[in-house]
Amino acid sequence: MKRTKIAQLLAAEGPAPRVLVKGWVRTRRDSKEFSFLEINDGSCLGNIQAVVDAGIPGYDSVKEMGTGASVAVEGELVPSPGKGQAWEIKATSVALIGASDQDTFPLQKKRHSDEFLRTIAHLRPRTNKFGALFRIRSELALAVHRYFQERGFFYLHSPLITGADCEGAGEMLRVTTLTPGQMLGPEGIKADFFGKEAFLTVSGQLSAEPFALALGDVYTFGPTFRAEPSDTARHAAEFWMVEPEMAFADLTDDMDLGEDLLKYCIKAVMENRPSDLELFAKWVDTGLAERLDKLVGEPFERISYTEAIDILTKAKKSFEYPVGWGKDIQTEHERYLAEEHFGKPVIVYDYPKDIKAFYMRQNDDGKTVGAMDVLVPRIGEIIGGSAREERMDRLQARIDELGLSCESYGWYLDTRRFGTAPHAGFGLGFERLVMLVTGVTNIRDVIAFPRTYKHLEF
RNA sequence: UCCCCGGUAGCUCAAUCGGCAGAGCGGGUGACUGUUAAUCACUAGGUUGGGUGUUCGAGUCACCCCCGGGGAGCCA
C-alpha cells in the first residue's frame, strides 16, 4: 500500500476507509487502553493524530514509539471526536520503523534556542520552525525559476570553478589538488590540476553577460563562494545568488526587474505556504505580516545616491561613520534609510564611480555610474546591480585607469568589440531573501548546513 | 580582525556581600485520563567551558585560552 502524505490527509474533505502514513513521532500520550501518537512526515507543518488501541498489530512496540521515532500507521481516516484537530487516524496496525532513544535524543517537545539547534543541524529540520523554513526556502527557489521562465529568461549554468582572479568581488577560495608540499615544489602551480591557479566563483556575472548578449535575457541561480573573514549574521562562505542579466536594458529596467522579482517571490510564499509563513509571523517576528503586506503592496522608494547623502546629512541622528558625498553608505546609514526614514525598501542609484566596480556604466556627469542597490528593512542590501559599460573605449579607459591590466579580460572585452549592446543585471542574495520573508535574523538558520568563517561542520 | 555580552544538569535558566549547587522542562518508574506543551507522585542526573592565580574558603574576584551570541568592517 502506498503511503499518503500528511499534508493531503489534513486537507481531506471526507473520511477514508484505509490510509497508510509514515513519519516521525512528535509526541505520544498513553492511556491504559490506548495511545495517541502525533506524527509528522515533513510534508507540512501539521501533525496527524493516530489513536492506537491496545491489542492491534504492532501495539507491543508502542512504548518504543517515543519522540523522534519513525513509524508506519495504517488505519481509517475519521473525524476526530477530540478538540484540536479535524481528522485523526483510527489505527488498525502500527509498526516501528526506527526507534529513538529517549535518553539521548536531543529534541524535546518544548521550544529550543536557535543556538542549540545550530549544534544539531542534522536534526533541526525535524522541528516545526526549521521544517517550515526549508519548505519556504524551496518555495522561494521555485518562485525564482517560475518568475524568470514566465518572462522568457533562460537559465544559465555558470561555472563554479574559475581561473580568473580578477572577478573583483571579494576574496576567493582556492581549488587545488596539490598538497602544501607540492605547491612549494619546483613545478609549483604548473603541477596543479589545471596547470594554473583556480578558485571558486564569487559571481556568475562575467559568464552571464556574454550569454545575455546572445540569448537576450538570462539568469544564473547557484552557489557562490566568498573567503571574506566575515563573522556576522548576514554572511556565509557558501551561499546562493540569483543573477539576471538583460540585453538592451538600462538601469531603470534593472530596478524594475529587481523590485518586481522580490514582490513576486514574497507573494508566492504568501499564497503557497501560508501556514508555514504564519509560524514565523507568530513566533519569530510579530511585525512580519505587516511588513510583508507593505512590501508587496507599495512601490519601493527610489532615490539617487546624491539624494541619499542629502537625507543622511539632514538626519537628526548621530552616525558612527561620517556621511559625505563620495563615501560609502554604511550599514547604519542603510538601516536608517530603509527602516526609519522611509519605512520600506529603498533603491539607491547612481553611485560615485570611485566606490563601485570597473564594469559599471559611466554616467554623463563624469562622476557617477549606473549602479543600484536595493536596501530593505532589517537586512540592508539584498540586491546589488548595475547597467554595464557597453562602450569599448569607456570600458578600456576605466580598466587602464584602475590599473586592471588583467589578461583574462580579453574575452570579456570581445563582447564589447563585436556587436555590443546596452545591458544590465544584478545579484540577489538568496539567503537574504529567505531572511526577509521569514524574519529570521541569522543567515546560519536559513542554510541547511551553513559554511562560515572557521566553521565547516556536518 | 575590532568592540560588547555570555558559558552552571540533556534543554532553558536561578544562585544576594566570596560561605552547603537549585528550579522548570526533558528522561526513567508508577498512577490517572479522548489525550493534545496532558495531569499527579516518586526517582536518576553536576570536573559550574579549560587553565593559572588571589583567598581559610571561588559558580562568584584577577589573568590567559577555548566556545557561543550581538554589533562593526567587507559584502549578497
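Below, all heavy atoms of this structure are taken into account, side chains as well, without hydrogens, waters or symmetry copies. Per chain, numbering begins at 1; letters A, B, ... match sequence-line order.
Side chains of Glu390(A) and Tyr359(A): no donor on one and acceptor on the other come within 3.5 Å. Between the side chains of Glu307(A) and Ser304(A), at least one donor N or O lies within less than 3.5 Å of an accepting N or O. No hydrogens or angles considered: a donor-acceptor pair under 3.5 Å links the side chains of Arg388(A) and Ser386(A). Side chains of Glu209(A) and Thr415(A): no donor on one and acceptor on the other come within 3.5 Å. If you check the side chains of Glu74(A) and Thr92(A), you find no donor sitting under 3.5 Å from an acceptor. In this structure, a donor-acceptor pair under 3.5 Å is absent between the side chains of Arg234(A) and Asn442(A). In this model, no donor atom of one side chain and acceptor atom of the other lie less than 3.5 Å apart for Tyr349(A) and Asp373(A).
Taking atom P on both C61(B) and A15(B), the two are 12 Å apart, rounded to the nearest angstrom. The C1' atoms of U1(B) and C74(B) are separated by 11 Å, rounded to the nearest whole Å. Distance check on atom P: C13(B) versus U55(B) gives 36 Å, rounded to whole Å. Separating the P atom of G45(B) from that of U54(B) is a span of 35 Å, rounded to the nearest Å. One P atom belongs to C25(B), the other to G6(B), and the distance between them is 28 Å to the nearest Å. On the C1' atoms, G69(B) is 29 Å away from G53(B), given to the nearest whole Å. Spacing of P atoms, G68(B) relative to G49(B), comes out at 16 Å, to the nearest Å. Distance check on atom C1': A14(B) versus A9(B) gives 13 Å, rounded to whole Å.
Residues from residues 85-99 of chain A placing a heavy atom under 4.0 Å of any atom in RNA chain B, listed by number, are Gln85(A), Glu88(A). Within residues 260-270 of chain A, no residue has any heavy atom under 4.0 Å from RNA chain B. Within residues 39-60 of chain A, the residues that place at least one heavy atom under 4.0 Å from RNA chain B are, in residue-number order, Gln49(A), Val51(A). Of the residues in residues 369-383 of chain A, those placing a heavy atom less than 4.0 Å from an atom of RNA chain B are Glu381(A), Ile382(A), Ile383(A), in numerical order. Heavy-atom distances under 4.0 Å link RNA chain B to Phe239(A), Met241(A) of residues 238-247 of chain A, given in residue order.
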Under 4.0 Å protein heavy-atom contact, by nucleotide of nucleotides 6-13 of chain B - B base, S sugar-phosphate only: ----BBS-
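Nearest-nucleotide positions on RNA chain B place His455(A) closer to the 5' end than the other of Gly427(A) and His455(A). With RNA chain B read from its 5' end, the first of the two nearest nucleotides for Glu457(A) and Ser31(A) is the one closest to Ser31(A).
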Enumerate donor-acceptor pairs with a distance under 3.5 Å from any side-chain N or O in residues 451-458 of chain A to protein atoms, sequence neighbours excluded.
residue, atom, partner, partner atom, Å
Arg451(A), NH1, Phe449(A), O, 3.3
Arg451(A), NH1, Glu457(A), O, 2.9
Arg451(A), NH2, Phe458(A), O, 3.0

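Within the nucleic acid shown, Thr224(A) has no heavy atom closer than 4.0 Å to any nucleic acid atom. Note on Phe430(A): nothing from the nucleic acid sits closer than 4.0 angstrom, heavy atoms only. Residue Thr104(A) is classed as having no contact, given no heavy-atom separation below 4.0 Å to the nucleic acid.
For the pair Arg118(A) and Phe116(A), the cation-pi test (distance below 6.0 Å, angle within 45°) is failed. Note that Arg135(A) lies outside the cation-pi zone of Phe130(A), set by a 6.0 Å cut-off to the ring centre and a 45° limit from the axis.
Ring geometry for His145(A) against Tyr155(A) counts as perpendicular: the plane angle is over 60°, on a 0 to 90° scale with 30° as the lower cut. Between Phe153(A) and Phe148(A), the angle of the ring planes lies from 30° to 60°, which puts this pair in the tilted group. Below 30°, between 30° and 60°, or above 60°: for His341(A) and Tyr336(A) the angle between ring planes is between 30° and 60°, a tilted geometry.
Here the C1' atom of nucleotide G27(B) and the CG atom of Asp101(A) are 9 Å apart, to the nearest Å. Summarising the geometry, the separation between CZ on Arg226(A) and P on G73(B) is reported as 17 Å, rounded to the nearest angstrom. The interatomic distance linking Leu117(A) (CG) with G68(B) (P) rounds to 16 Å, in whole Å. With rounding to whole Å, His333(A) atom NE2 is found 15 Å from C75(B) atom P. Rounding to whole angstrom units, CD of residue Glu332(A) and P of A72(B) are separated by 8 Å. The distance from atom CZ of Phe34(A) to atom P of C32(B) is 13 Å, rounded to the nearest whole Å. Atom CD1 of Ile329(A) and atom C1' of C74(B) are 16 Å apart (whole Å).
Under the 6.0 Å cut-off for aromatic ring centres, Tyr321(A) and His333(A) do not qualify, their centroids lying 6.0 Å or more apart.
Checking C75(B), G71(B), G73(B) against every side-chain atom of His235(A), the shortest atom distance belongs to C75(B). Closest to the side chain of Arg444(A), out of U35(B), A72(B), G69(B), is G69(B).
Here ring-ring contact (aromatic ring centres under 6.0 Å, His included) pairs that include residues 69-103 of chain A, with residues two or more places apart or in two chains, number zero.
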Heteroatom pairs (N/O) under 3.5 angstrom, protein to nucleotides 1-5 of chain B:
residue, atom, partner, partner atom, Å
U1(B), OP1, Tyr453(A), OH, 3.3

Between the protein and nucleotides 38-48 of chain B, which nitrogen or oxygen pairs come in under 3.5 angstrom?
residue, atom, partner, partner atom, Å
A38(B), OP2, Arg29(A), NH1, 3.4

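Neither OP1 nor OP2 of U33(B) sits under 4.0 Å from any side-chain N or O of Lys32(A). Dashed line: the shortest gap from a side-chain N or O of Arg234(A) to OP1 or OP2 of G71(B) is not under 4.0 Å.
The two residues Ala208(A) and Val218(A) come nearest to each other via the heavy atoms O-CG2, 3.7 Å. For the residue pair Ile309(A) and Gly324(A), the shortest heavy atom distance occurs at CD1-O, 3.8 Å.
A salt bridge links Asp445(A) to Arg124(A): one of the charged nitrogens lies within less than 4.0 Å of a carboxylate oxygen. Looking at Arg29(A) and Glu38(A), a side-chain N of the basic residue comes within less than 4.0 Å of a carboxylate O on the acidic one, giving a salt bridge. Ion pair Asp250(A)/Arg361(A) not flagged as a salt bridge, since none of the NZ, NE, NH1 or NH2 atoms sits closer than 4.0 Å to an Asp/Glu carboxylate oxygen.
At least one side-chain heavy atom of Gln149(A) sits under 4.5 Å from a side-chain heavy atom of Tyr219(A).
Thr368(A) meets the side-chain contact (heavy atoms from CB on, under 4.5 Å) test with Trp325(A), Asp350(A), Asn363(A), Asp365(A); sequence neighbours excluded.
A stem is defined here as three or more consecutive Watson-Crick or G-U pairs, each with both distances under 3.5 Å; for RNA chain B these stems are B:1-7 with B:66-72, B:10-13 with B:22-25, B:27-31 with B:39-43, B:49-53 with B:61-65.
A distance-only check finds no donor-acceptor pair linking the side chain of Arg398(A) to the backbone of Met360(A) [under 3.5 Å].
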